[in-house]
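Structure first, then comments.
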Protein chains: 2
Amino acid sequence: MTSDRPRPTSSPTISEVAAAAGVGRATVARSLGGYGSVSEPTRAHVLAVAARLGYRANTLARSMTTGVTKTLGVVLADIANPFFAGVLRGLSDTAKREGYDLLVLSTNEKLAEEQAAVGLLLDKQVDGLVIASAATAGDDLSHLLVARERNTPLVLIDRLVSGFDADSVVINNREAAREAVTTMIDAGHTRIGFVWGPVTVQPAEDLGTMRSVIAGALWSDGERLSGYLDALLEAGIEFDTSLVTHVLKTEGQAARAVSGMLALAQPPTAFFTTETDATVGTLRALRTRGLRYPDDVSLLGFDDTPWAAVMDPPLTMVAQPMQEVGARAAAIVIGRIKGDDSDVVHDVLPARLVQRHSVQHRAVRALPL
Amino acid sequence: MTSDRPRPTSSPTISEVAAAAGVGRATVARSLGGYGSVSEPTRAHVLAVAARLGYRANTLARSMTTGVTKTLGVVLADIANPFFAGVLRGLSDTAKREGYDLLVLSTNEKLAEEQAAVGLLLDKQVDGLVIASAATAGDDLSHLLVARERNTPLVLIDRLVSGFDADSVVINNREAAREAVTTMIDAGHTRIGFVWGPVTVQPAEDLGTMRSVIAGALWSDGERLSGYLDALLEAGIEFDTSLVTHVLKTEGQAARAVSGMLALAQPPTAFFTTETDATVGTLRALRTRGLRYPDDVSLLGFDDTPWAAVMDPPLTMVAQPMQEVGARAAAIVIGRIKGDDSDVVHDVLPARLVQRHSVQHRAVRALPL
DNA sequence: ATCAATATTGATACCGGTATCAGACGATAG
DNA sequence: CTATCGTCTGATACCGGTATCAATATTGAT
């Protein structure tokens with residue numbers, strides 16, 4: 001098989017068009033590029049010849065001299081995750097409108113892959129970068145610094161990274177979480193499970209350790225947990241470490257952790273889930289234990305989806321403006337490319353709590369001590 | 001703002017490294033590229049200098065001479081669609097493993113955008129293309145032909161395009177649909193709504209027109225409808241055009257169309273939905289009419305998702321091996337790039353019917369005539 | 001008709017790599 | 001001590017565009 005490969009037949013070059021048209025290369029370039037001055041008959045002739053030959057400019061060569069690739073590099077955790085898919089959609093739409101293409105790489109939340117990705121994109125001379133970084137406090141940020149040093153505009157999305165100040169577009173995770181949890185507290189819940197806390201080898205022992213765990217977590221994760229704590233604190237509810245998961249972030253692990261909480265002497269009466277798969281895992285756990293929402297347990301989670309509205313009963317959820325995040329990020333990075341050197345921008349887009357019917361008011365009744 | 005832009009400071013070039021190391025450019029290239037022969041001390045010295053200067057190769061320049069970009073172009077309808085997101089994940093994973101990056105463009109199912117996308121990608125000298133084409137019978141296929149003419153490997157995914165034979169990776173849509181519909185027929189259903197038939201200005205009048213509509217539809221859509229017809233025919237059930245939607249493909253339109261069917265004198269007792277949003281729209285319609293599945297109406301649809309398993313009751317669905325489609329497509333196109341010139345391959349991956357509980361056996365009872 | 005000003009054009013250097021080629025050097029053999 | 005061969009090295013021609021510059025052609029003015 002691997003025999004004489006027919007190497008990609010590049011389309012005719014400017015030189016070939018020039019030869020065919022009987023003019024110099026520069027004249028062809030001018031006619032095609034529409035700059036400089038070319039007599040009308042010559043231009044028409046050149047254009048005709050170019051069309052006849054099916055001439056197409058080699059963007060690589062152009063980028064070579066102009067230093068502009070009209071390409072944006074996008075680095076995110078997982079394209080298949082509905083949140084990132086939505087963000088990508090937003091990025092893609094506005095990038096296209098501005099004449100930019102997207103080179104997309106995913107990192108699976110691994111810093112090493114992120115570093116490699118940024119390196120690759122920089123080597124490919126992207127004009128700008130949009131990154132959902134996996135970096136947490138204390139991590140090696142050299143790849144981001146290299147981008148900065150090269151003056152390649154970079155905007156952070158979804159997560160801020162401590163120790164690296166750059167343009168960013170994120171959601172108000174903390175406030176959104178606080179609002180969501182408060183909704184449940186207002187409905188009379190005091191024991192609220194938090195599904196998908198930061199991954200640790202063992203549960204944090206107290207609020208103090210939890211705070212430090214948060215400091216070392218992925219920004220968005222930390223913020224959501226902080227919002228949860230804010231709500232509890234505000235309501236004077238004591239924090240119980242056994243109600244925060246610390247397992248790996250998979251649907252299965254979420255289900256197991258929830259199942260475990262449900263088996264507690266004083267099980268939670270509500271769950272706050274921070275991501276789609278956490279929500280699905282929680283639902284699965286309820287199902288296997290024969291519990292129903294909102295009667296047995298209330299539910300409220302991040303990342304609204306069309307499915308949530310057709311569940312029975314429909315789920316109350318936090319809707320993130322995913323496409324908007326992408327659109328804003330693209331607009332900012334393209335603005336920078338165009339030369340906007342105004343102050344660093346930190347966009348915080350509001351999440352929206354979509355009230356449906358998975359949170360039920362809980363009559364305060366005497367609990368077994 | 002748009003003042004003196006700090007143009008991207010490109011990292012040191014080979015010439016600069018050469019100058020700094022006090023050797024010729026070729027020697028640097030050899031040391032870095034690890035080809036030709038360089039004395040050990042020189043190589044070490046060059047490498048050290050390169051590292052000190054933070055040298056990074058400019059991939060563009062390399063591609064310029066080698067004619068290889070290590071980039072694949074991906075053209076699909078909508079990145080935010082879970083199916084395509086899954087496919088992209090598969091593409092991305094195997095492409096990365098082989099050292100390729102992905103340039104992703106979406107077309108919103110518009111042929112014009114697809115043509116522009118392919119042109120752009122070709123201009124950017126991608127080494128290969130993966131396309132979920134929006135082209136239907138009779139459409140202008142020149143963009144695909146141009147790719148072929150340039151010897152840029154191309155593989156079609158999800159949809160075949162009539163009149164253009166190329167490597168392809170698709171799902172056995174027709175058989176999967178037939179099997180799904182047969183499942184419902186076996187459960188006693190004879191009036192089965194088909195949600196998201198091809199878009200037409202008005203319903204097809206009879207089987208004949210429907211067949212011709214299918215011929216002019218998007219391949220995958222046509223196949224699924226054909227599978228539906230196959231199942232009916234096989235069971236000797238008469239085809240009723242009023243049970244096939246012809247509306248635009250949005251969740252809202254699906255809901256309206258389903259609502260309309262439900263208002264028929266002889267409403268369907270089951271629905272077969274061909275896409276996620278069609279399923280959600282159908283569920284929404286049931287909800288607004290106060291109907292429940294599977295008691296009042298049975299449901300079975302394409303594109304299994306984690307949500308389907310936690311619905312109450314869980315939905316019976318057709319699961320497509322999305323990532324596998326992407327992985328196979330990437331493998332094929334990369335193989336072609338490497339020179340594999342064996343016969344055209346037409347991969348057909350099997351969809352899997354995931355039995356859950358949204359299809360209920362229907363006791364045959366006398367219907368009002 | 002002559003000359004300056006302007007329009008049109010081709011030649012050419014460059015971008016940052018790769019790849020070829022020939023010269024310089026050292027070592028070994030005779 | 002010289003011939004021969006292999007190793008190591010630098011110079012240089014590409015790749016296909018862009019951009020500058022000088023040369024030529026054209027035009028209008030006097």
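Predicted model, so just to flag it, every value in this text is computed and none were measured. Just so we're on the same page: letters track the sequence lines, and every chain starts at 1.
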- Message: What is the distance, to the nearest angstrom, from the CG atom on A/N58 to the C1' atom on D/dT18?
- Response: 13 Å

- Message: Working to the nearest 0.5 angstrom, can you tell me the gap between B/D101 CG and A/L121 CG?
- Response: 6.5 Å

- Query: What integer distance in Å separates A/R56:CZ from D/dG17:C1'?
  - Reply: 15 Å

- Between atom NZ in A/K124 and atom C1' in C/dG17, what is the gap in whole Å? 15 Å

- Message: Just to be sure I understand the rule, does A/T42 reach a base, reach only the sugar-phosphate, or reach nothing, if contact means heavy atoms closer than 4.0 Å?
- Response: sugar-phosphate

- Message: Taking 4.0 Å as the cut-off, does a side-chain nitrogen or oxygen of A/T27 come that near to OP1 or OP2 on C/dG10?
- Response: yes

- Task: Report yes or no: is the cationic atom of B/R89 (NZ for Lys, CZ for Arg) under 6.0 Å from the centre of the six-membered ring of B/F84, at an angle within 45° of the ring normal?
- Result: no

- Task: Round to a whole Å and report the spacing from CG of B/L60 to P of D/dC14.
- Result: 21 Å

- Message: Using whole Å, what does the distance between atom P of nucleotide D/dC14 and atom CD1 of B/I14 come to?
- Response: 19 Å

- Item | B/S39 vs D/dT9: side-chain N/O to OP1/OP2 distance below 4.0 Å | yes

- When you measure from the side chain of B/T66, which nucleotide among C/dT18, D/dG17, C/dT8 comes out closest? C/dT18

- Note on the structure: Between CZ of B/R62 and P of C/dC15 the distance, given in whole Å, is 19 Å

- Message: Counting only side-chain heavy atoms from C-beta out, which of D/dA19, D/dA11, D/dG16 sits nearest to A/A26?
- Response: D/dA19

- Message: Using a distance-only criterion (donor-acceptor N/O pair, under 3.5 Å, no hydrogens), is the base of C/dG17 paired with the side chain of B/R25?
- Response: yes

- One should read off an interatomic distance between A/S11 OG and B/R150 CZ, to the nearest 0.5 angstrom, of 4.5 Å

- The residue, B/E40 or B/T65, whose nearest nucleotide of DNA chain D is more 5′ is B/E40

- Task: Identify which nucleotide among D/dC15, D/dT18, C/dG17 has an atom closest to any side-chain atom of B/M64, counting heavy atoms from C-beta outward.
- Result: D/dC15

- Spacing of CZ belonging to A/R336 relative to CG belonging to A/N151, to within rounding of 0.5 Å: 12.0 Å

- Note on the structure: Comparing B/S37 with A/R30, nearest DNA chain D nucleotide closer to 5' gives the residue B/S37

- Send over the distance from A/L32 CG to D/dG16 C1', rounded to a whole Å. 13 Å

- Measuring from B/L91:CG to B/K96:NZ, what's the distance to the nearest 0.5 Å? 13.5 Å

